[in-house]
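Before any comments, here is the structure.
Bear in mind the structure is a predicted one, so any value in this text is a computation, not a measurement. Letters A, B, ... are given to chains in the order of the sequence lines, protein chains preceding strands, and every chain is numbered from 1.
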Amino acid sequence: MKNDSGFFEMVYDVVRLIPSGRVTSYGAIARYLGTAKSARMVGWAMNAAHALPDVPAHRVVNRVGVLSGKNHFAHPSRMQELLEKEGVQIQEDQVINFREKFWDPEKELSL
DNA sequence: GATGTGACTGACC
DNA sequence: TGGTCAGCCACAT
């Protein structure tokens, strides 16, 4: 990963590595990429990731586990649907046991 | 080339 | 304990 193709590509690579049934935060990805203070950019990248088929943007939520970006999907309920299908329980647009489901690239990829 | 905006986060009051 | 403010960087206009 970490293609020099661009910031977005790096983001996509990380997001693609998120295992099913797990979720991560924009900040975690940003930090992994070295742009911790630019978590917004990750969100921005996700917006563009919308065009890509293999980028599970629904597994990316904000730091408290809220589906902040669900509104950007074709159907807002789609994000929750996909997550629940993968075993992630959602309530009030928020991931239940977010701490348990949380997938930290820095930790999981052991770098 | 300057200005505005955003799927966030951490710090401060 | 909870709401508000500012920073941050890439992309579009």
Discussion item. Is it true that A/His58 and A/Glu86 share a donor-acceptor pair across their side chains at a distance under 3.5 Å?
Written reply: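 Their side chains do contain a donor-acceptor pair, which is all the 3.5 Å distance test asks for.
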
Worksheet item: A/His58 near the nucleic acid: base, sugar-phosphate alone, or nothing, with a heavy-atom cut-off under 4.0 Å?
Response: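 If one applies the 4.0 Å heavy-atom cut-off, A/His58 turns out to touch nothing in the nucleic acid.
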
Length of the line joining [X]:[atom1] and [N]:[atom2], which is rounded to integer Å:
X	N	atom1	atom2	result
A/Arg40	C/dC11	CZ	P	16 Å
A/Lys37	C/dG7	NZ	P	12 Å
A/Asn47	B/dC8	CG	P	11 Å
A/Ile29	C/dA10	CD1	C1'	16 Å
A/Gln80	B/dA7	CD	P	19 Å
A/Tyr26	C/dC9	OH	C1'	17 Å
A/Tyr32	B/dT9	OH	P	18 Å
A/Phe98	B/dC8	CZ	P	13 Å

Discussion item. Surrounding CD of A/Gln89 (heavy atoms of other residues, nucleotides or ligands, distance under 6.0 Å), is the total greater than 12?
Written reply: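 No.
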
Item to complete: When you get a sec, tell me which of B/dT9, B/dA7, C/dA10 is the closest nucleotide to the side chain of A/Ser25?
Response: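 In terms of side-chain proximity for A/Ser25, the closest of B/dT9, B/dA7, C/dA10 is B/dT9.
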
Fill in: Which nucleotide in C/dC9, B/dT9, B/dA7 has an atom nearest any side-chain atom of A/Ser38
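Selected nucleotide (nearest to the side chain): C/dC9.
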
Worksheet item: Apart from A/Val66 itself, what residues make up its hydrophobic cluster when side-chain heavy atoms of I, L, V, M, F, W and Y under 4.5 Å apart count as a link, directly or indirectly?
Response: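 Joined to A/Val66, directly or through intermediates: A/Val64.
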
Item to complete: Indicate yes or no for a side-chain donor-acceptor contact from A/Thr35 to the backbone of A/Ser38 under 3.5 Å, with no hydrogens or angles considered.
Response: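 No.
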
Discussion item. Using a 3.5 Å distance criterion without hydrogens, assess whether the side chain of A/His50 forms a donor-acceptor pair with backbone atoms of A/His72.
Written reply: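 Yes: the side chain of A/His50 pairs with the backbone of A/His72.
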
Worksheet entry | Watson-Crick/G-U partner (both atom distances under 3.5 Å) of B/dA7 |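 Partner of B/dA7: none.
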
Worksheet item: Between A/Thr35 and C/dC8, does any side-chain N or O lie under 4.0 Å from OP1 or OP2?
Response: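 Result: no.
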
Worksheet item: What interatomic distance, in whole Å, is found between C1' of C/dA6 and the corresponding atom of B/dG4?
Response: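 Each nucleotide's C1' atom is 16 Å from the other's.
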
Practice prompt. Would you kindly compare A/Ala57 and A/Arg31 by the position of their nearest DNA chain B nucleotide and give the one closer to the 5′ end?
Written response: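 Closest to the 5' end, via its nearest nucleotide, is A/Ala57.
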
